[in-house]
Peer 1: 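Quick one: the structure is below, and I'll ask about it shortly.
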Amino acid sequence: MRWIVLALCWPALPGFLIGQSAPEPVFHAHVPRAWNDVDVRSYELPLSYGRPAQYMSAAEYYAIPARAIYRSYPIYRPDKEPRGYLNWLRTQPPKIVFDPSKLKTEAAWIEAGAVVFDAPNVVLELSELPVRNPDWYREAGIPVTKSGIVPWIRYVVRKKGVVEIAFDSCGMCHTRILADGSLIRGAQGNFPWHRTERYRFNNVVRGHRELEEEMLAEYRREYAAPWASQPELRSRDADALIQQVGLIPPGVFVRHGTRPAYPARIPDLIGIRNRRYLDSTGLGQHRRIEDLMRYAITNQTTDRVANFNGFQPWPSAEWLKVTGGRYSDEQLYALALYIYSLEPPPNPNRLDARALHGQKVFDREGCPVCHTAPLYTNNKLTPAQGFSIPEDHKRQYDILPVVVGTDPNSALTTRRGTGYYKAPSLKGVWYRGPFEHNGSVAALEDWFNPARLRQDYVPTGFRGFGGGTRAVKGHEFGLYISATDKQALIAFLRTL
C-alpha cells in the first residue's frame, strides 16, 4: 500500500531541482456569465417542428446550488487493483479540488478544467455499479488501460469512510482507449455504455415488473418526442428493447434527446475550438467560449427540464435531485479552456506516395467542397432528406443547400433534430470510428463500399433495430472510383 500513497500524494519537484524557467505570466481570467436569457434564446437552432426548446430563465438556473468537485481516484479492473486499495480509499478525507481563487495562470485553469472534465454529474453508491465484479468486464466487453484502469468512471470520497462512484462525466463519453491500451482524452469515446445497460437488465432488472416499468419510463423521458413517430418507445416489452439497445457498439450512444433506433455517433472534441456547430444536427451554434459553456449546461442540467413543444421530459425537482446541482461559471470556463487545449496524439500514418495520390483523388472528386482544408470541414449545415430550408435560416446560418441523402431520422424525429446535418471534420479519422451520424459503419473501407447502399447489407457498426440487414444510404461520393484510387484516398484520410 505504501507505493499507492507515494503515487497519489508525492509533491511536484521544486523548480530549482529540475531547471529554472521564467515564471508563467499571470492569467487574467474573464469568466462570462454563461446562462443569460438573451444568448440562451439564440444559441440553439430551431428544432424540426419550427422553434427552439424553451429553457429555464437565468434567475431559475442560478438559484440552483453549484456543485462542489471532490477529489476522485482511479477504478481498476479487479485483477489489476493494488492490494488494500479500497480500504486505503476509506481512510482518505474528502477534499474539494476545484477552487478558482487559486488559479493564477492559464495552465492552472486548463489543469482545473481537466478535473471538471472528469467530475460526475451523478454519484452512485458502490453497490450500484459492479465495478468489482470480473463478470461485468467480461460480459460487457469493458477495456482497460495498460495499467488496468477503467478511465471513464472514478471512485470519489465525499465523506470519510464512504467510497462512491463518480458517474456521467464529460470524460465518460469523450475518452478513448486504443487497441494497445493507450488513452486519448477528448476523442470519440468507446465505453460500452449499452452493453453495461444490457448486463444490468439481465442480472438485476429482468423479471421484476416494477423495475422493468421504471426503466421503460426512464427511456421515454430520455428519448420521447411526442410530435414524431417513435414506434420503439411505444413498446411495453422492456426485455426486447434493452436487448436491441445492447447491440449498439462502443463509440455510438443513445444520448438523451436522440432515439434508441437512431443513436448518435459520439463526437471527437479535439479541435472543437474551430467548429462552428455542435451536435451532428448542428443544434448548438459555437460562436465563442460562452456557447461551449452553455452546451455543457444544456446537456448536463437544463434540457431534461426544458419545454419541447409542450413536452417536458423530467419534472424539474426530480431531475435536479438526480444531478445534485449545477456547474459554476468558473467550472464551465475551466472546462472549455481544457477542451480547447486538447491536441491529437501523434499520427502513425505518413503522407507517402500512395497518400499523396489519395490527396489528388480527394481534390479531383470535389471532397474539399464540404471537407475544406485545413479543418477538413466547411463548417456548414446541409439539409436532411425531406427538410425544406426556411427563408430566414438562409440569412442566419451557414447552409450549403445540398442534400447528401443520409438517413434523415436523427435530424427530423428527435429532440435534437434541426432538419440539418453538419459537415463533419475529417481530422483524426485514423483513431475514430464507427462513422456516419448513427455510427453505422466501423471503418473507412466500409464507408467507401458501394454494397452499403443495398438492403441486404450487414452494417459493420450500428446495425439498427429490427434485423441484421439494412442499407446505409447517402453520401455516395467516392463509392465508384477505382480500387487503387479508393485505397489511396483512404490512406490520405488517415494522415489527417
Peer 1: Under the salt bridge (Lys or Arg N to Asp or Glu O under 4.0 Å) criterion, do Arg185 and Asp118 qualify, and how do the steps go?
Peer 2: CA-CA 10 Å; Arg185 305 280 285 167; Asp118 282 328; 2.6 Å; yes

Peer 1: The criterion is ring-ring contact (aromatic ring centres under 6.0 Å, His included); which residues satisfy it with Phe201, sequence neighbours excluded?
Peer 2: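 Result, ring-ring contact (aromatic ring centres under 6.0 Å, His included) vs Phe201: none returned.
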
Peer 1: Output the distance between atom CG (Leu292) and atom CZ (Arg287), rounded to the nearest 0.5 Å.
Peer 2: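 Here the interatomic distance stands at 12.5 Å.
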
Peer 1: Regarding His194 and Glu197, do their side chains bring together a donor and an acceptor under 3.5 Å, going by distance alone?
Peer 2: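 Yes, Glu197 and His194 have a side-chain donor paired with an acceptor closer than 3.5 Å.
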
Peer 1: Please report the closest heavy-atom contact between Val472 and Pro459, naming both atoms and the distance.
Peer 2: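 Val472 and Pro459 have their closest heavy atoms at CG2-CG, 4.2 Å.
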
Peer 1: Could you tell me whether the side chain of Leu351 reaches within less than 4.5 Å of the side chain of Leu356, counting heavy atoms only?
Peer 2: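 SC-SC contact between Leu356 and Leu351 confirmed.
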
Peer 1: Quick check: do His286 and Tyr277 have side-chain heavy atoms less than 4.5 Å from each other?
Peer 2: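 No. Closest side-chain heavy atoms not under 4.5 Å.
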
Peer 1: For a quick test of reading the model, state the closest non-hydrogen atom pair linking Arg416 to Thr281 and the distance between them.
Peer 2: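 Smallest interatomic distance, heavy atoms only, reads O-OG1, 2.5 Å.
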
Peer 1: Mind checking the CZ-OG spacing from Arg265 to Ser410? Nearest 0.5 Å is all I need.
Peer 2: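 Arg265 atom CZ to Ser410 atom OG measures 10.5 Å (nearest 0.5 Å).
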
Peer 1: Could you give me the CA-CA distance, side-chain angles and deciding distance for His437 and Tyr421, then say whether ring-ring contact (aromatic ring centres under 6.0 Å, His included) is met?
Peer 2: CA-CA 8 Å; His437 56 267; Tyr421 292 117; 4.0 Å; yes

Peer 1: Please report the shortest heavy-atom distance between Pro263 and Phe462, naming the atom on each side.
Peer 2: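 What the structure gives for the nearest pair is CD-CE2, 3.3 Å.
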
Peer 1: Which residue pairs satisfy the side chain to side chain donor-acceptor pair (under 3.5 Å) criterion with at least one member in residues 359-369, sequence neighbours excluded?
Peer 2: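 For residues 359-369: Arg364-Asp485.
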
Peer 1: Looking only at heavy atoms, what is the nearest atom pair of Arg195 and Ala140, with distance?
Peer 2: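 Looking at all heavy atoms of both residues, the shortest contact is CD-O, 3.2 Å.
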
Peer 1: Taking atom types as modelled, is there a side-chain donor on Asn378 or His371 under 3.5 Å from an acceptor on the other?
Peer 2: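 No pair is found: no donor N or O on one side chain lies under 3.5 Å from an acceptor on the other.
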
Peer 1: Quick one: are Trp227 and Thr413 in side-chain contact, heavy atoms under 4.5 Å?
Peer 2: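 No, side chains not in contact.
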
Peer 1: Do Asp398 and Arg276 come close enough that some side-chain heavy atom pair is under 4.5 Å?
Peer 2: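 Touching, per the 4.5 Å side-chain cut-off.
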
Peer 1: Which pairs, with at least one residue in residues 140-152 and sequence neighbours excluded, count as a side chain to side chain donor-acceptor pair (under 3.5 Å)?
Peer 2: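 As it turns out, there is no side chain to side chain donor-acceptor pair (under 3.5 Å) pair with a partner in residues 140-152 once direct neighbours are skipped.
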
Peer 1: Supply the atom-to-atom distance Gln230 CD to Tyr262 OH, rounded to the nearest 0.5 angstrom.
Peer 2: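 With rounding to 0.5 Å, CD (Gln230) is 10.5 Å from OH (Tyr262).
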
Peer 1: Are Trp35 and Tyr55 close enough that their ring centres sit under 6.0 Å apart?
Peer 2: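 For Trp35 and Tyr55, the ring centres are under 6.0 Å apart.
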
Peer 1: Among pairs that include at least one residue of residues 450-472, which meet side chain to side chain donor-acceptor pair (under 3.5 Å), considering only residues two or more places apart or in two chains?
Peer 2: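 Matches after skipping sequence neighbours: Ser440-Arg470, Asp446-Thr460, Arg454-Asp456.
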
Peer 1: So, for Gly257 and Tyr223, which heavy atoms are closest and what is the spacing to 0.1 Å?
Peer 2: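 So the minimum-distance heavy-atom pair works out to N-CD2, 4.1 Å.
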
Peer 1: How many angstroms lie between atom CZ of Phe191 and atom CZ of Arg176, to the nearest 0.5 angstrom?
Peer 2: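 Rounded to the nearest 0.5 Å, the CZ-CZ separation comes out at 14.5 Å.
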
Peer 1: Could you go through residues 488-495 and list every donor-acceptor pair under 3.5 Å that involves a side-chain atom there, pairing it with any protein atom two or more places apart or in another chain?
Peer 2:
unit_1: Arg494; atom_1: NH1; unit_2: Glu445; atom_2: OE2; d: 2.9
unit_1: Arg494; atom_1: NH2; unit_2: Glu445; atom_2: OE1; d: 2.8
unit_1: Arg494; atom_1: NH2; unit_2: Glu445; atom_2: OE2; d: 3.2
unit_1: Thr495; atom_1: OG1; unit_2: Phe492; atom_2: O; d: 2.6

Peer 1: Can you check whether Ile248 reaches Trp193 side chain to side chain, under 4.5 Å on heavy atoms?
Peer 2: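 Side-chain contact under 4.5 Å: no.
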
Peer 1: Knowing that exactly one of Trp447, Phe448, Phe435 qualifies, which makes a ring pair (Phe, Tyr, Trp, His ring centres under 6.0 Å) with His475?
Peer 2: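 Result: among Trp447, Phe448, Phe435, Trp447 is the only option passing the ring pair (Phe, Tyr, Trp, His ring centres under 6.0 Å) with His475.
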
Peer 1: Looking at every heavy atom in both His393 and Pro46, which two are closest together, and how far apart are they?
Peer 2: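 His393 and Pro46 have their closest heavy atoms at NE2-CG, 3.8 Å.
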
Peer 1: Taking side-chain contact (heavy atoms from CB on, under 4.5 Å) as the criterion, tell me which of Leu183, Val150, Ile184, Ile149 meets it with Ile177.
Peer 2: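 Result for side-chain contact (heavy atoms from CB on, under 4.5 Å) with Ile177: Leu183.
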
Peer 1: Using the test side-chain hydrogen bond (donor to acceptor under 3.5 Å, both in side chains), find all partners of Tyr376 that sit at least two apart in sequence or belong to another chain.
Peer 2: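 Testing Tyr376 for side-chain hydrogen bond (donor to acceptor under 3.5 Å, both in side chains), a comparison that skips the adjacent residues, returns none.
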
